[in-house]
Amino acid sequence: MRKLTTILALAVAFTSCKNEQKKNEEQSEDMAQTEQSQAAEETDSVALEITPISHATGVFHWGDTVFYTDPVGGATAFEGQDAPDFILLTDIHGDHMNAETLQGLELGDTKIIVPQAVADKLPEDLQENLMVMNNGESQEFMGFKIEAIPMYNIPQTQDAMHTKGRGNGYVLEKDGQRLYISGDTEDIPEMRNLKDIDVALISMNLPYTMPVDQAAEGVLAFKPKKVIPYHYRGKDGFSDIEKFKQLVNEGDSSIEVELMDWYPENEESNK
């Protein structure tokens, strides 16, 4: 009888151990799945912080890298901002290219990525900083893949404000995440054909680029995860970015539309 009791006790203990082992294994699997899920969520989000300065001018923090787009307004416009690791210029117009601002930033050997038309207009003391990229070209630079994307008015004419081949939009890619900066463009095929864009900055101002309905149609064609209207002051005032958001969300509610204030100086003037 004692022997039978001992056997039963051992059997119970063995079963208990197996159950505990199975429980621990299931908990480990659940923890691994949770960690994988969290890692996937982190991978799906761009570690990108955008600080609007004015119109097309912005400061971008992407991980440990800082870059500026189209810096204008003088060096004082960037007081309190981290120094750039590189700069992107899109076009020759004064709201995108300003030599005095670039010189005032005291860039040292910081690279300025430009189309050839911009390089041709910048002064000699900035030429060593320049890295020329033209439409369709790409470069690996500071951990980014940078592509120069066409930006232009349609229909294409010789007297258009933005002719094809002169200026650049840009796609920047890092760790599988992709940012599109449109520059001064309309709803062109090269924009519509973009793939896997996580964040897109889209211009919309008449008569220089495009109206909000055309901008919304273009965005709905290439479907970025998030779109931010910028460069939205036109000849007759500001474009209706709330209407842009409504049109995009009516067309595809999965696209996040973030409205940022690119004209803080306008608020100051109204005080």
CE on M151 to CG on D91, rounded to 0.5 Å
4.0 Å
Please list all pairs passing the side-chain hydrogen bond (donor to acceptor under 3.5 Å, both in side chains) test where one or both residues lie in residues 132-145, with sequence neighbours left out.
N135-N168
Would a 4.5 Å heavy-atom cut-off, applied to side chains only, mark Y232 and V212 as touching?
no
Validation: residues 244-254 side-chain donor-acceptor distances under 3.5 Å, sequence neighbours left out:
| residue | atom | partner | partner atom | Å |
| --- | --- | --- | --- | --- |
| Q246 | NE2 | E250 | OE2 | 3.0 |
| N249 | ND2 | I255 | O | 3.0 |
| D252 | OD1 | S254 | N | 2.9 |
| D252 | OD1 | S254 | OG | 2.5 |
| D252 | OD2 | K223 | NZ | 3.1 |

Interatomic distance, N153 atom CG to H162 atom NE2 [nearest 0.5 angstrom]
6.0 Å
Just one of V66, T69, L107, D70 clears the side-chain contact (heavy atoms from CB on, under 4.5 Å) bar with I87, so which one?
L107
Would you say Y230 and V257 are hydrophobically clustered, going by side-chain heavy atoms of ILVMFWY under 4.5 Å?
yes
How would you list, by chain and number, every residue that makes a salt bridge (Lys or Arg N to Asp or Glu O under 4.0 Å) with E256, sequence neighbours excluded?
K226
Of all heavy-atom pairs between P150 and T185, which one has the smallest distance, and what is that distance?
O-OG1, 4.5 Å
Do Y170 and V59 sit in one hydrophobic cluster, given that two such residues count as connected whenever their side-chain heavy atoms are within less than 4.5 Å of each other, even indirectly?
no
With sequence neighbours excluded, residues passing side-chain contact (heavy atoms from CB on, under 4.5 Å) with D95:
H55, H93, H231
With A119 via side-chain contact (heavy atoms from CB on, under 4.5 Å) - residues at least two apart:
V114, Q116, L130, V132
Apply side-chain hydrogen bond (donor to acceptor under 3.5 Å, both in side chains) to Y152 and list each qualifying residue two or more places apart in sequence or on a separate chain.
E190
If we ignore hydrogens and angles and just use 3.5 Å, is the side chain of D198 paired with the main-chain N or O of L179 as donor and acceptor?
no
With side chains defined as the heavy atoms from C-beta onward, is the minimum distance between P71 and L89 less than 4.5 Å?
yes
Hey, is CD on E106 packed in by over 12 heavy atoms from elsewhere, all under 6.0 Å?
no
For F144, does the six-membered ring have the charged nitrogen or CZ of K174 within the cation-pi criterion, i.e. under 6.0 angstrom from the centroid and within 45° of the normal?
yes
